[in-house]
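The analysis underlying the following values was restricted to heavy atoms, covering all of them including side chains, and did not include hydrogens, waters or symmetry mates. Letters go in sequence order (proteins before strands), and every chain restarts at 1.
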Protein chains: 2
Amino acid sequence: MIDEADRRILRHLLADPALTTAELAERAGVTAATCWRRIEKLTDAGVIRSRQAVIDWRRLGYEVEVSLRFTLDKTNPRAFDEFLAAAREVPEVIGIETFLGRVDVRLNVIARDMVHYQQIYRERILTLPHIADIEALMLISTIKDSAGVPL
Amino acid sequence: MIDEADRRILRHLLADPALTTAELAERAGVTAATCWRRIEKLTDAGVIRSRQAVIDWRRLGYEVEVSLRFTLDKTNPRAFDEFLAAAREVPEVIGIETFLGRVDVRLNVIARDMVHYQQIYRERILTLPHIADIEALMLISTIKDSAGVPL
DNA sequence: ATGGGATGCGCAAGGTGATTGCATGGCCGC
DNA sequence: GCGGCCATGCAATCACCTTGCGCATCCCAT
């Protein structure tokens, strides 16, 4: 059961993930031991799923990031699973999301430049199975503002 | 300059963010001191931007997540900035991305249920400034498979 | 060819942060 | 009113992070 202390911990954790447990505890108004125990419980309960490193792919030479939306061939009941399995095999696919609605799947794809992106698109994306429709949007920036999250 | 040891460190870090520096070092084939120094340099260089806690919003009672795509009124040169500033003020907006193409901005919005989502949509989303077009997709699942990243 | 400087490494030690044991207090049920 | 359970703070211990030192390698200048 999440209470007000948990919410404060989560809020500060999202706002500043680099805080030590002691710093987080001070901001959340509990001791470090309590803070640690509550984070442990939130993690065990699956509220906190993981701590993921956020990579700036541009600094690794991947200047292009594209969001691709797919509508799949609905007549084949295995289209979805086969598409996802194949998409997972593409190294440049760094994110996969599934939806309810007009669009079935979204892939986030990175590439070194537009030439590289064209190559990936032709050789790895268009060859994915069961594609009925596809639309690409080039990502300009990602603005994540966790400080105002509903906690 | 990123070398092969850096790539191994990043690969294992993305694959298993919970590893200690010593565990990561062992898998990357360097000592813990070297591993720690390289991570420090990758962080200072901005390659590693942060370590973000990944929250399962469903476990916090937010059962609904919707991806909203906006086309903005291009005739107003300040439309973009005013829209982004207003979107940031909405607590239920947990992600903001901007694009080049037919769609300008994408917001990720969470809500407790469909009733709550309708309320947020009517009272907070539709009132954002300079909306020319809007499309919603309900997120079913997020599949992040970093193990196959291009490193 | 040689020497010097720079860089990065491993080792080990010191420091910091995380984790745990213990005692205490509060709350709830009987 | 009492006992049990749960969560807490405190302090100690443990684990991990960080840093100093010496060494090796590479590159550049003479």
All N/O pairs under 3.5 Å across the protein-nucleotides 21-27 of chain D interface:
none

Would A/R106 and B/S67 satisfy side-chain hydrogen bond (donor to acceptor under 3.5 Å, both in side chains), going step by step from the backbone distance to the final call?
CA-CA 11 Å; A/R106 185 165 72 206; B/S67 177; 3.0 Å; yes
May I have the distance from [X] (atom [atom1]) to [N] (atom [atom2]), rounded to whole angstrom?
{"X": "A/E40", "N": "C/dT20", "atom1": "CD", "atom2": "P", "result": "7 Å"}
{"X": "A/I9", "N": "D/dA7", "atom1": "CD1", "atom2": "C1'", "result": "12 Å"}
{"X": "A/I39", "N": "D/dA7", "atom1": "CD1", "atom2": "C1'", "result": "16 Å"}
{"X": "A/E23", "N": "C/dA18", "atom1": "CD", "atom2": "C1'", "result": "13 Å"}
{"X": "B/D6", "N": "C/dC9", "atom1": "CG", "atom2": "C1'", "result": "14 Å"}

Name every residue in residues 24-35 of chain A that has at least one heavy atom under 4.0 Å from any atom of DNA chain C, in order of residue number, or write none if there are no such residues.
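Of all residues in residues 24-35 of chain A, the ones placing a heavy atom under 4.0 Å from DNA chain C are A/A33.
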Does B/R8 use its side chain to pair, donor to acceptor, with the backbone of B/A28 at less than 3.5 Å?
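Yes, B/R8 side chain to B/A28 backbone: donor-acceptor pair under 3.5 Å.
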Does B/S141 offer a backbone N or O that forms a donor-acceptor pair with the side chain of A/T98 under 3.5 Å?
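Yes, the answer is positive, given that a donor and an acceptor are paired below the 3.5 Å cut-off.
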What verdict does the salt bridge (Lys or Arg N to Asp or Glu O under 4.0 Å) test give for B/K41 and B/D6, after you've listed the backbone C-alpha separation in whole Å, the side-chain angles of each residue and the deciding distance to 0.1 Å?
CA-CA 10 Å; B/K41 287 175 72 174; B/D6 285 333; over 6 Å; no
Under the side-chain hydrogen bond (donor to acceptor under 3.5 Å, both in side chains) test, which residues partner B/R122, sequence neighbours left out?
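B/R122 satisfies side-chain hydrogen bond (donor to acceptor under 3.5 Å, both in side chains) with no other residue.
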Results of side-chain hydrogen bond (donor to acceptor under 3.5 Å, both in side chains) for B/R51 - residues two or more places apart only
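Once residues adjacent in sequence are excluded, B/R51 has no partner under the side-chain hydrogen bond (donor to acceptor under 3.5 Å, both in side chains) criterion.
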Do the side-chain N or O atoms of B/T21 get closer than 4.0 angstrom to the phosphate oxygens (OP1, OP2) of D/dC17?
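Yes, within the criterion.
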Where does DNA chain C pair, written as one dot-bracket string 5' to 3', with Watson-Crick or G-U pairs under 3.5 Å, ( ) inside the strand, [ ] for crossing pairs and | for another strand?
||||||||||||||||||||||||||||||
Salt bridge check, A/D73 against A/R78: does any charged N sit closer than 4.0 Å to a carboxylate O?
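Here A/R78 does not pair with A/D73 in a salt bridge, since their nearest N and O are not under 4.0 Å apart.
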For A/R112, does the CZ atom sit with more than 12 other heavy atoms under 6.0 Å from it, leaving out its own atoms?
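Count not over threshold, so no.
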According to the interplanar angle, ranging from 0 to 90°, do the rings of B/W57 and B/Y62 count as parallel (below 30°), tilted (30 to 60°) or perpendicular (above 60°)?
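Geometry flag for B/Y62 against B/W57: perpendicular rings.
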Give every residue pair that meets the salt bridge (Lys or Arg N to Asp or Glu O under 4.0 Å) criterion with at least one member in residues 15-34 of chain B, sequence neighbours excluded.
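Residue pairs passing salt bridge (Lys or Arg N to Asp or Glu O under 4.0 Å), neighbours aside: none found.
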How close do A/R102 and B/L137 get, heavy atom to heavy atom, and via which atoms?
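Heavy atoms of A/R102 and B/L137 come nearest at N-CD2, 4.0 Å.
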Check every atom of D/dA7, C/dG8, C/dA18 against the side chain of B/K41 and return the nucleotide holding the closest atom.
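When the side chain of B/K41 is considered, C/dG8 is the closest of D/dA7, C/dG8, C/dA18.
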